[in-house]
Amino acid sequence: MQSSNKTRRAFIKKTVSGTAALSLGGILPGFSAKSYASILGANERIKVAVMGVNSRGLALASNFALQKNCEVLYICDVDSRASDKAIATVEDLQKSRPKASPDFRKALEDKDLEALVVAAPDHWHAPAAILGCKAGKHVYLEKPCSHNPHEGELLMAATEKYKRVVQMGNQRRSWPNVAKAIQEVKGGIIGRPYFAKGWYTNNRASIGVGKEAPVPSWLNYDLWQGPAPRRPFKDNLLHYNWHWFWHWGTGEALNNGTHMIDLMRWGLGVEYPTRVSSAGGRYRYKDDWETPDTQVITLEFDNNTSIVWEGRSCNGRTVEDNSVGVEFYGETGSVVIESGNTYKVYDLQSKLVKDVKNDFVIDARDRMNPSQALDAIHIQNFFDGIRKGTALAAEIKGGHQSTLLCQLGNIALRSGETLNIDPSNGHIKNKGLMKKYWQRDYQSGWEPTV
């Protein structure tokens with residue numbers, strides 16, 4: 001193996017393991033190798049609870065359980081089926097059984113718990129993270145960091161007030177070649193970058209027209225709704241279709257666009273825009289889906305740059321041969337960041353001048369697939385922020401800024417207005433639109449507060 005690959009292998013082993021390897025002269029009497037490994041370094045492990053484990057949350061729970069400097073203490077889900085599956089999966093990975101805590105607030109009462117991982121539906125993201133901060137826990141928060149702009153501002157305030165480490169799950173910030181591509185853009189490989197476009201494409205099916213139905217026995221629907229004003233249960237809502245209802249979800253722009261808009265904002269070195277417009281709608285099917293299945297968001301900034309994001313939920317035709325990606329355009333060429341840990345550089349004549357492949361090496365003994373290993377770097381950065389005070393790759397101020405750009409795009413679409421924005425804080429200058437769209441109504445008694 002080449003020395004560079006050896007170096008990368010050493011790096012990933014250190015990263016995903018999180019603790020140095022120990023040489024043992026033997027196993028203590030009465031312990032098997034498996035049980036000894038499970039207690040080794042227990043006092044050093046960061047103990048976490050994972051909230052929301054049906055889909056993305058199950059992947060996160062698995063990845064946290066695979067980290068040798070972590071122990072998943074609690075699985076928190078309002079769906080008992082999802083909870084049982086996650087508990088069994090985590091137990092197999094970390095060789096200790098996490099406890100079921102359907103109400104995550106009960107888990108937060110455990111003084112041994114250090115961090116909360118939030119992967120519940122969008123309407124729960126900021127309220128749960130704020131409660132975690134109030135309870136003295138650090139928070140790993142899946143994107144988007146909030147359901148609406150006001151919640152994002154509350155979350156930033158809570159992070160500061162309670163001095164907690166809060167990392168948003170825009171994991172590409174930690175992928176080595178993606179970070180390298182951004183640094184190349186910033187370093188002038190295409191001259192001054194002045195325009196970026198991002199995209200997401202898929203072939204999602206219709207969700208049909210839902211009917212009111214009895215709440216299933218395996219679901220605590222009241223807790224699932226949480227801070228959202230109560231609505232009857234319908235048979236086409238759970239577990240994924242809530243994304244397409246404004247009451248709980250935020251549409252494709254925040255479901256997947258957040259990742260790409262975050263990279264474009266990072267590469268162009270921008271924060272809040274000066275003007276935002278958006279076009280699109282629910283075009284493909286006639287059903288209960290409320291958010292747009294086809295949308296273009298345009299964001300303009302005061303440094304003479306702009307960002308465009310295109311989302312197509314129901315037509316999977318790729319862009320640049322990728323279903324998801326980002327392209328930066330500059331004075332001397334362009335950079336395409338592809339769907340994986342790869343990127344390409346082109347000159348002004350569209351000639352490929354650099355092609356950076358995924359050379360990330362993992363050790364099979366760590367039981368991770370490539371996606372898990374890449375995301376483990378983001379998790380370990382979160383852990384280093386807790387243990388060492390290391391700067392976060394995706395601190396919550398930047399997470400809020402990227403989330404807000406998507407939210408402003410949705411507000412522009414829903415209002416039918418071009419938004420003029422205060423570039424110092426991202427606020428809409430039209431006070432009427434601020435009042436209508438900046439925050440939501442809450443179920444009485446569930447309002448998030450700092």
Side-chain angles (χ1 to χ4, degrees), residues 52 55-56 119-126 141-152 168-170 197-208 210 225 227-228 231 234 236-265 273 276-299 307-316 323-324 399-417 419 426 428 433 436-441:
S55 180
R56 175 60 182 162
D122 293 358
H123 69 284
W124 255 120
H125 281 197
L141 178 60
E142 266 302 290
K143 56 76 203 161
C145 69
S146 62
H147 176 269
N148 54 79
H150 176 66
E151 287 181 353
M168 193 169 90
N170 40 345
K197 74 173 182 182
W199 62 91
Y200 175 82
T201 68
N202 204 338
N203 283 312
R204 300 190 189 278
S206 171
I207 66 171
Q225 293 188 91
R231 287 189 175 181
K234 288 190 174 183
N236 67 340
L237 177 59
L238 301 185
H239 268 298
Y240 198 81
N241 292 341
W242 56 263
H243 281 95
W244 322 127
F245 295 87
W246 294 117
H247 193 68
W248 301 287
T250 51
E252 202 75 85
L254 286 101
N255 184 37
N256 279 293
T258 309
H259 285 299
M260 298 303 108
I261 284 180
D262 181 64
L263 293 183
M264 292 187 283
R265 191 181 66 77
V276 180
S277 60
S278 182
R282 177 54 168 163
Y283 294 150
R284 180 63 181 88
Y285 300 103
K286 293 182 179 180
D287 55 11
D288 285 342
W289 186 313
E290 297 174 351
T291 65
D293 63 33
T294 307
Q295 185 176 16
V296 175
I297 296 172
T298 302
L299 304 131
I307 284 172
V308 170
W309 178 79
E310 175 188 334
R312 283 180 281 111
S313 301
C314 300
N315 186 309
S323 62
V324 59
H400 166 67
Q401 289 169 341
S402 295
T403 298
L404 178 60
L405 299 192
C406 302
Q407 290 167 338
L408 290 173
N410 279 344
I411 293 171
L413 180 73
R414 298 178 73 185
S415 67
E417 301 281 347
L419 310 181
I428 304 167
L433 293 180
K436 184 174 182 180
Y437 291 106
W438 199 254
Q439 64 184 92
R440 71 168 307 155
D441 294 327

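When a residue number appears, it is its place in the shown sequence, counting from 1. Worth knowing before you read on, the calculation uses all heavy atoms, side chains too, and leaves out hydrogens, waters and symmetry mates. Keep in mind that what you see is a predicted model, and the values were worked out from it rather than measured.
- A donor-acceptor pair under 3.5 Å links the side-chain atoms of His125 to the main chain of Ala120, judged by distance alone.
- Leu254 is listed as a side-chain neighbour of Gln407, based on a closest heavy-atom distance under 4.5 Å.
- Counting heavy atoms from C-beta outward, Thr250 and Cys406 have side chains that stay 4.5 Å or more apart.
- When all heavy atoms are compared, the tightest approach of Thr201 to Gly316 is OG1-O, 3.5 Å.
- Between the side chain of Trp124 and the backbone N or O of Ala126, no donor-acceptor pair lies under 3.5 Å.
- For the pair Trp248/Leu237, a side-chain contact is recorded, criterion being any heavy-atom separation below 4.5 Å from C-beta on.
- For the atom pair Cys145 SG and Glu151 CD, the distance stands at 9.0 Å (nearest 0.5 Å).
- Residues Ile207 and Trp244 approach most closely at CG2-CD1, 4.1 Å, considering heavy atoms.
- With hydrogens and angles ignored, the 3.5 Å screen pairs a side-chain donor or acceptor of Arg440 with a backbone N or O of His247.
- Atom OG1 of Thr258 is separated from atom CH2 of Trp309 by 8.5 Å, given to the nearest 0.5 angstrom.
- Atoms CG and CD, on Asp441 and Gln439 in that order, are 8.5 Å from each other to the nearest 0.5 Å.
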Do Lys197 and Glu310 pass the side-chain contact (heavy atoms from CB on, under 4.5 Å) test, and can you show the C-alpha distance, the side-chain angles, and the key distance before you say yes or no?
-> CA-CA 8 Å; Lys197 74 173 182 182; Glu310 175 188 334; over 6 Å; no
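- Annotation for Tyr285 and Arg204: closest pair CE1-O, 3.7 Å, computed over non-hydrogen atoms.
- Across Ile307 and Arg265, no two heavy atoms sit closer than the pair CD1-N, 3.8 Å.
- For the pair Glu252/Pro292, no side-chain contact is recorded, criterion being any heavy-atom separation below 4.5 Å from C-beta on.
- Side-chain N or O atoms of Ser278 include one that pairs as donor or acceptor with a backbone N or O of Val296 at under 3.5 Å.
- Interatomic distance, Trp438 CH2 to Leu408 CG, rounded to the nearest 0.5 Å: 5.5 Å.
- No donor-acceptor pair closer than 3.5 Å links the side chain of Asp293 to the backbone N or O of Cys314.
- With contacts defined as side-chain heavy-atom distances shorter than 4.5 Å, the pair Tyr200/Met260 does not qualify.
- Arg312 places none of its side-chain heavy atoms less than 4.5 Å from the side chain of Trp199.
- Atoms CD1 and CG, from Ile297 and Leu405 in turn, are 9.0 Å apart once rounded to the nearest 0.5 Å.
- Of all non-hydrogen atoms in Arg231 and Gln225, the two that sit nearest each other are N-OE1, 2.8 Å.
- Here NE2 of His150 is found 13.5 Å from CG of Leu404. Values are rounded to the nearest 0.5 Å.
- Between Asp122 and Pro144, the closest heavy-atom pair is OD1-CD, 3.6 Å.
- A donor-acceptor pair under 3.5 Å is formed between the side chain of Asp288 and the backbone N or O of Gly210.
- Between the side chain of Glu290 and the backbone N or O of Trp246 there is at least one donor-acceptor pair closer than 3.5 Å.
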Candidate pair Lys143 and Asn255, rule side-chain contact (heavy atoms from CB on, under 4.5 Å), full reasoning = CA-CA 7 Å; Lys143 56 76 203 161; Asn255 184 37; 3.7 Å; yes
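- Between the side chain of Asp262 and the backbone N or O of Ser402, no donor-acceptor pair lies under 3.5 Å.
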Evaluation steps, side-chain contact (heavy atoms from CB on, under 4.5 Å), between Thr403 and Met168 | CA-CA 10 Å; Thr403 298; Met168 193 169 90; 3.7 Å; yes
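- Residues Ile411 and Ile428 are in side-chain contact: their nearest non-hydrogen atoms beyond the backbone lie under 4.5 Å apart.
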